[in-house]
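Taking it in order: structure first as structure tokens, then the write-up.
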Amino acid sequence: MSSLKNNSKIPSAFAVIFSNFWIYKILDENLLIGILLVVISFLIIVKPKQIYILFTCLLILLFFQFQTTHVKSLTLLDNDEQRVQQERIRSYPPTYVNVFSKTLWFKPEIWIEQNNFIVAISRIERNLFNTLDINQYFFAGFPRNNPSDFQKYIFITLPIFAIGIFELLKKKQYVLLFLIFLIPIITLAFIGYDNQLGPFSLFPFFIIAIFSGFELLIERLKR
Amino acid sequence: MRNLNLTLVFLIFLVSLFTLTFKLGLIPNGIYVDEGVSGYNAYSILKTGKDEYGKDFPIAFRFFGSYSPPLYVYLTVIPVYLTGLNEFSIRIVSAVAASLMIFVVYLFLKTGGLLKNKIIPFLLLLFIITPWNFFYGRAGYELYLGFFLFSLGVLLCWLSLRMGHLLLLGLIILSIATYASHPQIYSAPLFVLGFLTLFYKKINRRFLILGLFISLLIQIPHIIILNTKAFINKSDLFYLDEILRNTQNFPVPQILSIPVSFIYSFFSRIVTYFSPESLFFFADPDPQRSIPELSVFYNWMVVPFLTGLFIWLKNIKGNFEKLLLLIVIVSVIPPSLTRDPFSTQRALNLLLPFFILICLGLSRIYDFIKFKMFAVIYMVVFGISLILLWRSYFVLLPAERAISWGYGYKQLAEFISKNPETEFVIDQSRLKPSYIELAFFQKTDPRIIQSAVDTKIQQNYYNLNEFSPNYKFANIQTRLIDWKTDGCTNQVLVGDELILSPDQAREHILTEIHTFSDPRGYPIFKLFKTNPDKKCPTGQN
């Protein structure tokens with residue numbers, strides 16, 4: 001994020017931050033979070049090296065994400081899940097190995113199906129991959145059509161977003177990516193994003209990626 | 001060293017063959033209608049030289065009006081001849097193709113020059129148990145064969161950049177692939193076009209001209225049916241209605257609304273095929289086309305996939321990288337033009353480039369750690385993947401997907417065979433075409449099925465794509481139950497729990513005689529005997 005001078009970055013930063021549907025929905029439903037997101041996104045674009053300030057702001061953002069999200073237990077099963085669990089336990093064949101004259105019995109149905117650690121892992125995976133679904137950000141979840149999804153970014157910005165990520169990786173902006181992508185994504189994997197505003201802690205990441213892509217395109221056009 | 005490598009690859013091929021044929025006739029624990037129709041038509045060709053409609057050696061098989069490419073059926077004739085008509089014989093062609101795919105993947109990895117030779121055997125073993133490969137490598141219909149031939153053709157074209165004469169073979173195999181499965185009808189010519197555009201300067205012109213000429217000759221049967229419904233029969237899968245419906249969602253001038261709506265629908269689908277959620281977490285929404293709790297790749301593969309994707313894009317100007325890009329494009333276009341959000345069947349060609357990207361990512365991880373460390377991590381991850389596959393495919397699939405795979409028809413067919421004096425009516429309102437399952441399991445003489453169909457079909461075989469599941473042969477009728485008349489005829493009505501509910505049974509004075517349930521105990525078929533004497537005492541029948 002260095003090709004544009006700081007002064008010329010300001011209008012482009014505003015343009016990118018406010019050229020999506022998501023920010024208006026957030027501002028409409030929770031002004032405080034909306035302003036925080038605008039400030040963080042703006043800060044990263046204009047002052048990307050202020051890591052500590054950025055980190056503090058992100059922590060506050062994650063706190064809001066946690067506060068506004070209906071967090072589900074990673075291990076508790078509802079009635080239907082318990083029914084499925086019992087059915088699955090019954091599906092296992094008797095599992096054993098004959099060693100000389102002895103028979104060693106295994107209990108994979110208990111080790112796998114009734115293992116709280118595995119239940120938790122599978123829920124973390126579900127949260128993680130739901131968050132990583134590109135369609136929910138650019139196509140309102142279309143064509144799978146999940147009723148809770150809503151349009152966040154204009155779909156034609158997807159190529160710019162992809163170019164931006166590629167550019168960030170190419171420029172080895174690992175610390176920035178760790179802060180704005182990895183930390184929120186790990187948090188979301190544990191808590192999910194069952195709230196009105198979606199996984200908004202990733203908002204700065206999308207803005208930075210789109211901004212980087214946009215910046216690269218401008219640079220190429222200038223050449 | 002070279003011999004050692006080849007021996008190792010051959011051993012991995014044997015492992016693949018063993019894995020893919022293990023309990024092949026038992027799991028999946030039923031016959032899906034597409035398997036049944038392929039197998040029965042192979043049986044029909046073997047016995048009579050005609051398909052189920054009485055057509056001599058068709059160019060495209062009129063399965064339920066879908067006109068499927070014929071190669072799988074003709075190849076299945078061999079195992080049906082050798083081992084009889086059964087679950088194993090109709091799936092073995094896919095399993096062999098999937099095992100041979102090991103050599104194709106090996107040559108891609110070896111000649112791509114993107115990764116270290118030392119880890120290739122590890123990657124080949126991983127390919128065997130990759131859910132997308134494993135699942136379709138054991139499915140008894142044409143998809144894997146088409147994918148294998150397409151991949152082989154692509155490989156030979158790629159190798160022809162070093163050994164010019166292989167182009168001839170590559171083009172011929174790609175041409176043959178169009179007779180193997182539907183997606184290849186679009187993907188193969190698109191690939192040839194793209195390949196010639198990208199690598200024209202490196203291609204041996206003599207072999208190119210000869211290859212194109214022979215490929216064109218191979219296409220003569222397709223040219224014959226070019227103007228029939230048999231050739232352009234998948235147009236109903238295109239989402240024109242959706243495009244027109246969504247035009248109002250875009251604030252653009254009216255003249256642009258249809259193109260913009262199309263771009264939205266098309267690209268949203270393309271993105272779905274690249275979405276980590278689709279590839280590593282969600283499965284195909286159709287329960288018959290997926291394994292419970294597994295997506296097309298294992299969850300952990302998301303890390304090497306994204307790493308591989310980045311490395312690939314960074315070096316996109318290389319020849320092999322360009323080839324991968326071409327494979328991705330020609331593989332993703334056909335499924336993205338159909339309405340399904342994520343069709344693992346139509347997008348099967350993506351398995352090859354995506355697996356290569358995963359290998360590329362794993363290779364990069366290998367570069368960062370020592371071989372011993374890599375081997376340990378690999379063993380752990382491979383072991384976990386193997387357990388997941390065993391759980392999902394061998395334990396959960398037979399229980400949870402039994403109905404989707406046609407479980408229950410074998411038992412029903414046996415029951416019907418044991419009661420030759422009784423007439424059976426199998427309701428078709430909520431079931432997939434039952435006649436083919438019953439004909440398959442009863443090994444009904446194909447001449448009987450051929451004589452049960454409308455004779456107009458034989459005369460205009462490639463243009464009558466409307467399908468009716470209504471059949472009458474032996475003591476079986478497959479059709480909708482007519483509640484006005486069927487209760488007044490002495491027969492057994494067969495249907496699921498919703499069709500033959502307790503209320504219906506009471507109202508029509510039916511006596512339950514049997515229930516066939518899935519392995520979990522959920523009813524699949526209910527059999528009710530009619531009581532004409534009580535239902536129609538005035539002699540309406």
Side-chain angles (χ1 to χ4, degrees), chain A residues 83-93 95 106 108-109 111-113 115 118-119 121-146 149 151 154-159 161-163 165-172 177 181 185 189, chain B residues 239 242 246 249-251 260 263-282 285 292-293 295 298-300 302 306-307 309-314 316 336 338-343 384 387-388 390-392 394-400 402 518-522:
Chain A
R83 178 188 60 79
V84 172
Q85 187 190 48
Q86 289 308 312
E87 271 178 13
R88 287 185 169 174
I89 287 170
R90 286 196 295 272
S91 303
Y92 281 76
T95 314
F106 298 102
E109 65 275 29
W111 299 339
I112 298 174
E113 303 304 335
N115 188 330
I118 291 177
V119 173
I121 290 286
S122 65
R123 287 192 177 173
I124 290 169
E125 275 172 0
R126 187 184 58 196
N127 291 339
L128 176 70
F129 285 103
N130 283 347
T131 314
L132 286 174
D133 177 26
I134 307 163
N135 291 61
Q136 69 147 316
Y137 299 100
F138 292 93
F139 298 95
F142 188 82
R144 286 198 197 266
N145 292 331
N146 183 346
D149 288 333
Q151 186 88 32
I154 305 163
F155 77 96
I156 48 170
T157 55
L158 176 60
F161 166 75
I163 292 167
I165 294 183
F166 184 67
E167 194 58 16
L168 287 170
L169 286 168
K170 226 167 112 182
K171 286 182 177 169
K172 298 188 176 173
L177 285 172
F181 178 70
I185 209 103
Chain B
Y239 36 80
E242 177 190 298
N246 289 346
N249 297 345
F250 303 99
V260 171
I263 289 169
Y264 185 84
S265 293
F266 181 61
F267 279 98
S268 67
R269 284 172 172 82
I270 286 193
V271 171
T272 316
Y273 285 100
F274 289 89
S275 175
E277 190 187 35
S278 308
L279 295 171
F280 306 98
F281 185 71
F282 257 145
E293 301 293 324
S295 189
Y298 296 105
N299 299 152
W300 63 265
V302 69
L306 293 176
T307 314
L309 191 68
F310 176 65
I311 298 165
W312 173 54
L313 290 173
K314 220 170 129 186
I316 199 70
S336 299
T338 65
R339 60 180 72 243
D340 288 337
F342 185 74
S343 170
I384 291 171
I387 292 170
L388 286 175
W390 171 75
R391 175 213 185 204
S392 293
F394 291 100
V395 178
L396 300 184
L397 186 132
E400 296 178 10
D518 79 354
R520 292 175 303 174
Y522 292 116

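First the proteins, then the strands, lettered A, B, ... as listed; each starts at 1. Basis for what follows: all heavy atoms, side chains included, without hydrogens, waters or symmetry-related copies.
In B/F267, the CZ atom is not crowded: 12 or fewer heavy atoms of neighbouring residues, nucleotides or ligands sit closer than 6.0 Å. More than 12 heavy atoms of other residues, nucleotides or ligands lie within 6.0 Å of CD1 in B/I316, so this atom counts as buried by the packing criterion.
Comparing A/V84, A/L132, A/L128 by how many heavy-atom pairs each has under 4.5 Å with chain B, the most go to A/L132. Between chain A and the residues B/K314, B/E242, B/E293, B/R391, the most heavy-atom pairs under 4.5 angstrom are made by B/R391. For the options B/A399, B/S275, B/P398, heavy-atom pairs under 4.5 Å to chain A are most numerous at B/S275. Chain B forms more heavy-atom pairs under 4.5 Å with one residue of A/T131, A/N130, A/L169, A/I112 than with any other, namely A/L169. When the candidates A/I165, A/I134, A/N135 are compared by the number of heavy-atom contacts under 4.5 Å with chain B, A/N135 comes out ahead.
Residue A/E87 touches chain B through its side chain alone, counting heavy-atom pairs closer than 4.5 Å. Proximity to chain A involves both the backbone and the side chain of B/V260, based on heavy atoms less than 4.5 angstrom apart. For A/L158, the part lying under 4.5 angstrom from a heavy atom of chain B is the side chain only. With a threshold of 4.5 angstrom between heavy atoms, B/N246 approaches chain A through side-chain atoms but not through N, CA, C or O. At a 4.5 Å heavy-atom cutoff, the contact between B/P276 and chain A is made by backbone and side-chain atoms alike. With a threshold of 4.5 angstrom between heavy atoms, B/I387 approaches chain A through side-chain atoms but not through N, CA, C or O. Neither the backbone nor the side chain of A/Q136 has a heavy atom closer than 4.5 Å to any heavy atom of chain B. Residue B/L313 touches chain A through both its backbone and its side chain, counting heavy-atom pairs closer than 4.5 Å. Proximity to chain A is limited to the side chain of B/F342, based on heavy atoms less than 4.5 angstrom apart. If you measure heavy-atom distances from B/Y239 to chain A, you find no contacts under 4.5 Å at all.
Under the 30°/60° scheme for interplanar angles, the aromatic rings of A/F155 and B/F250 are found to stand perpendicular.
Across all their heavy atoms, B/F281 and A/E125 have their closest contact at CE1-C, 4.0 Å. What you find for B/R269 and B/S336 is that their closest heavy atoms are CD-O, 3.5 Å.
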Worksheet item: Are A/F161 and A/F138 close enough, and set up right, to give a ring-ring contact (aromatic ring centres under 6.0 Å, His included), and what steps lead you there?
Response: CA-CA 10 Å; A/F161 166 75; A/F138 292 93; 5.3 Å; yes
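Partners of A/Y92 according to the side chain to side chain donor-acceptor pair (under 3.5 Å) rule, which considers only residues two or more places apart in sequence or in another chain, are A/E113. Listed by chain and number, the residues in a side chain to side chain donor-acceptor pair (under 3.5 Å) with A/R123 are A/E81 (sequence neighbours excluded).
Under the 4.0 Å criterion applied to side-chain N and carboxylate O atoms, A/R88 and B/E400 are assigned as salt-bridge partners.
In this structure, B/Y264 has its ring center under 6.0 Å from that of A/F142.
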